[in-house]
Amino acid sequence: MTSSRPDFLPEAPSANTITRRVRALTYQFQEDTIQSIAYVSMFLNTLTPKFYVALTGTSSLISGLILIFEWWYFRKYGTSFIEQVSVSHLRPLLGGVDNNSSNNSNSSNGDSDSNRQSVSECKVWRNPLNLFRGAEYNRYTWVTGREPLTYYDMNLSAQDHQTFFTCDSDHLRPADAIMQKAWRERNPQARISAAHEALEINEIRSRVEVPLIASSTIWEIKLLPKCATAYILLAEEEATTIAEAEKLFKQALKAGDGCYRRSQQLQHHGSQYEAQHRRDTNVLVYIKRRLAMCARRLGRTREAVKMMRDLMKEFPLLSMFNIHENLLEALLELQAYADVQAVLAKYDDISLPKSATICYTAALLKARAVSDKFSPEAASRRGLSTAEMNAVEAIHRAVEFNPHVPKYLLEMKSLILPPEHILKRGDSEAIAYAFFHLAHWKRVEGALNLLHCTWEGTFRMIPYPLEKGHLFYPYPVCTETADRELLPSFHEVSVYPKKELPFFILFTAGLCSFTAMLALLTHQFPELMGVFAKANPESVPMSVKIGSVRGKHHARSPSQLDFCQLLVFIQEQSQVWQLVSCYVQLQSISQPLGSSALKHVTDPS
C-alpha cells in the first residue's frame, strides 16, 4: 500500500543541496569570526597606556564608593544592601522560591508554637523602671545636648497613655476631652499647656439645686472632680525634680482615688461605666506605682517597698505593669535577699513570661552563696562543687535569655539612659537592667568575678542560637532591628550572634584593592602593562595566522601556534554542531532520505 504525498508539503531538498548549504554557512561563520577577532586585535593594538590607567583608576573609584556605601549600610541596618535588593527584588523576577514555603504545610504543632513564642518575644514592652521624662531625661538633654529618647519610643509611650488613660466616655467631661487630645500632641509644650487648661476647667464651680432647708434659697456648691491625668502629665514632663513630681503625683492620687471610688459603684450599670472604671483603675495603679518610684529615688526605700507590696495585694491581676520588678530592685537595695527569693519563687514560673530582671536576679542569689570564695584556679584543680555548679548553671541560663547583659555588668560597654520601652532578650532590656542592678552586683563580693569567668561558656552550649536554644526558645532574629528603633543613634547597638561580613563587602573590597593595584602598576610601568594588556606582541592580522596554521607554510612561536590552533579547533567544533543541527532538521522531514545520503551529509570531512 503506497501513501500519496500531500500537495501542500514542500519537496525535500537533496543531499547535495543540503551539503552545499551547510558548507556555505560554515564558511560564512568562519569568515565572520575571523574578521571580528581581527577587529578586536586591531583595537587593542591602538590603545595607549593612558587608557588603561584611566580604566583601572575609574574601576577602583567606583568599587571603592560601593564598598563605602555597603559598609555604612551594614553598620546601620545589619545587612548588605546588594544582598537585600537581590533577595527582595531580583529573586522573585528570576523565579526564585523560598525553600521554607514548600515545608509550611508539613510543619508540626511544635514548630508553630515555637514561631508564636518567637513573635511574642519580639513584642515591645513598657519599661517597668522607666525614668521621669521631665526630671531625668530632660536634665540629661540640658547637660549633654543629646536626646536620650527616640521618636519611636516616645510614640509608643503616647499610644500607651491613650490606651490606659482614656475611654469612650471622655467626651462627656470637658477636662478629659482636653486630655484625650493632649496625649496625641507631639509638641511637649502643647501637652503641658493642655494639662493646665484641663485643670483650669475644674476650677469652675457649678451650682446644683439642692435646698439644704425646706423653703429656703440656700444652694449647695460643689466642685467638679479634678482631672487626675492632667496631674500625671505635669508630673512626668513639667516637673524638673523628683520632689516636684512627687507633689504632683500626690495631687493626682487624691483626684484619682475619688474618681475610682465613684466609678467602682457604677461599674455594673452598663458597658460605658465599666470602661470608665477600667480607665480609673489604670490611672490609680499608675499613680501609686510612680509614687513608690519617687520614694525609691528619694532614698525612702522601705516606704517604697511597703507601697509596692500594698499595690500588688490590692490589684493582683494587673501584672502588665510588672510591679514585681520594681519590688525586686528595691529589696536588693535593702539587701533583703530572703524576700527577694520569695518574690522569685512566685514569679520565676515556667508559665509566666521571663525577663532579664528575673533571670539575672536568680543568678545573683546563687552566685552570692559561692562567689566570695570562688577561685578559677582552685575550681580547675578540684572541680566545681554542687553550689558552684548551680551558680554557673544559673548564670548560663541568664546569659542564654539575654546575652547582652554581661557586657554592661562587666563594664565592657558604656551605659546610657534606659529607654521607656524595652525588647525582651534585646540590647534595650540589657541597658535597662544593668542601669539599675549594676550596683547590686558590685555589692556582692566576687559576683562579677564569677560572671566574668563563666558567662562565655554559654555560647559553647548553644552553637546555633538562632536555630535551637538550650533552656529557652531560639534567640529571635528581630531584636537588632527593634533595638535600633528604641535606642538613640549615638549608642552602638549590641548584636547577637555576631554577624560576619557579607560576601558583597568582601568582594567589593577585593575588587577595589585589585583595581587600585592595577592602576598604580599601569601608572608606574605603562609600557610593560601595555604589553600584558594587549597580549599580542606582533600586530599580524588574525586571518594570516590561521591560514599559516592550516597550511603549515609559516612557522610561529609556540604560544602563537597554540592560540591559533585553539581558534581552528573552535571553528571545527562549530562546524560539527551546525551539521548536527541540519541532521535533526532532516529527521523532521516527512519523506526520509536514504542512509547513504545521511551518511554523506554527516561526514565531517
Side-chain angles (χ1 to χ4, degrees), residues 120-121 123-132 157 160 163-164 249 253 278 281-298 300-368 394 397-398 401-402 405 409 418-426 428-441 443-444 471-472:
S120 66
E121 287 183 347
K123 175 185 175 182
V124 176
W125 297 73
R126 181 81 177 178
N127 183 8
L129 298 172
N130 64 314
L131 305 178
F132 293 88
S157 298
D160 293 340
T163 302
F164 294 140
F249 273 121
L253 177 61
R278 185 164 53 251
T281 302
N282 293 334
V283 170
L284 183 63
V285 172
Y286 184 87
I287 293 171
K288 289 186 175 182
R289 172 173 163 269
R290 295 302 265 179
L291 277 173
M293 295 178 67
C294 288
R296 169 68 183 89
R297 296 284 202 284
L298 296 174
R300 304 194 306 269
T301 308
R302 296 188 182 277
E303 179 184 349
V305 169
K306 183 179 183 304
M307 295 174 66
M308 293 174 190
R309 289 186 184 276
D310 295 340
L311 185 59
M312 294 171 65
K313 290 179 182 179
E314 186 178 0
F315 303 97
L317 299 179
L318 290 180
S319 60
M320 57 185 172
F321 290 103
N322 293 326
I323 305 174
H324 60 277
E325 296 194 12
N326 299 84
L327 179 61
L328 285 173
E329 196 277 329
L331 290 174
L332 287 173
E333 178 66 21
L334 294 175
Q335 301 184 30
Y337 297 109
D339 295 336
V340 172
Q341 185 63 51
V343 175
L344 287 178
K346 182 178 180 181
Y347 289 95
D348 193 4
D349 187 79
I350 191 172
S351 61
L352 297 177
K354 297 294 182 294
S355 65
T357 301
I358 291 177
C359 294
Y360 278 89
T361 302
L364 176 61
L365 292 185
K366 292 186 177 181
R368 175 177 170 270
R397 172 178 178 262
F401 181 82
N402 194 318
V405 174
L409 292 180
E420 293 182 341
H421 290 80
I422 59 174
L423 182 69
K424 288 191 175 182
R425 307 187 72 177
S428 54
E429 185 191 31
I431 293 173
Y433 172 79
F435 186 85
F436 291 98
H437 290 262
L438 177 59
H440 307 322
W441 279 80
R443 189 178 294 116
V444 177
L471 297 175
F472 298 97

Using side-chain contact (heavy atoms from CB on, under 4.5 Å) as the criterion, point out the one residue from Asn282, Ile323, Thr281 that pairs with Phe315. Thr281

Pro128 to Glu325 - nearest heavy-atom pair and separation: CG-OE1, 3.3 Å

Closest heavy-atom contact between Phe401 and Ala356? CE2-N, 3.5 Å

Quick one: side chains of residues 302-310, donor-acceptor pairs under 3.5 Å with protein atoms, not counting sequence neighbours, listed by atom name and distance.
unit_1, atom_1, unit_2, atom_2, d
Glu303, OE1, Arg300, NE, 2.6
Lys306, NZ, Asp310, OD2, 3.1

Atom CG in Leu332, atom CZ in Phe436: separation rounded to 0.5 Å? 13.0 Å

Tightest non-hydrogen contact, residues Lys366 and Ala394, listed as CD-CB, 3.8 Å

Exam field: side chain Asn127 to backbone Ile422, donor-acceptor pair closer than 3.5 Å: no

Carefully, step by step, assess His324 and Lys346 under the rule side-chain contact (heavy atoms from CB on, under 4.5 Å). CA-CA 10 Å; His324 60 277; Lys346 182 178 180 181; over 6 Å; no

Ring centroid separation Phe164 to Tyr286 under 6.0 Å: no

side-chain contact (heavy atoms from CB on, under 4.5 Å), that's the test. Do Tyr360 and Leu364 meet it? Break it down for me. CA-CA 6 Å; Tyr360 278 89; Leu364 176 61; over 6 Å; no

Hey, can you tell me if Tyr433 and His437 have their rings parallel, tilted or perpendicular (30° and 60° cut-offs)? parallel

Ignoring hydrogens and geometry beyond distance, is a side-chain donor-acceptor pair present between Ser157 and Glu420 at under 3.5 Å? yes

Side chains of Arg368 and Arg443 in contact at under 4.5 Å (non-hydrogen atoms): no

Can you measure from CE (Met293) to CG (Asn326) and round to the nearest 0.5 angstrom? 5.0 Å

In Å and rounded to the nearest 0.5 Å, what is the CG to CG distance from Leu129 to Asn322? 9.5 Å

Taking side chain to side chain donor-acceptor pair (under 3.5 Å) as the definition, give me every residue that meets it alongside Gln341, ordered by chain and number, with sequence neighbours left out. none

Is Lys424 reaching over with its side chain to a backbone N or O of Lys354, donor-acceptor style, under 3.5 angstrom? yes

Does a side chain donor of either Arg290 or Asn130 reach within less than 3.5 Å of an acceptor in the other side chain? yes

Main-chain N/O of Leu423 paired to Ser428 side chain as donor or acceptor, under 3.5 Å: yes

For the CG atom of Asp339 and the CG atom of Leu327, what is their distance to the nearest 0.5 Å? 8.5 Å

How long is the gap from OG1 on Thr301 to CD on Gln335, to the nearest 0.5 Å? 11.0 Å

Please check this pair: side chain of Asn402 against backbone of Ser355, looking for a donor-acceptor N/O pair closer than 3.5 Å. no

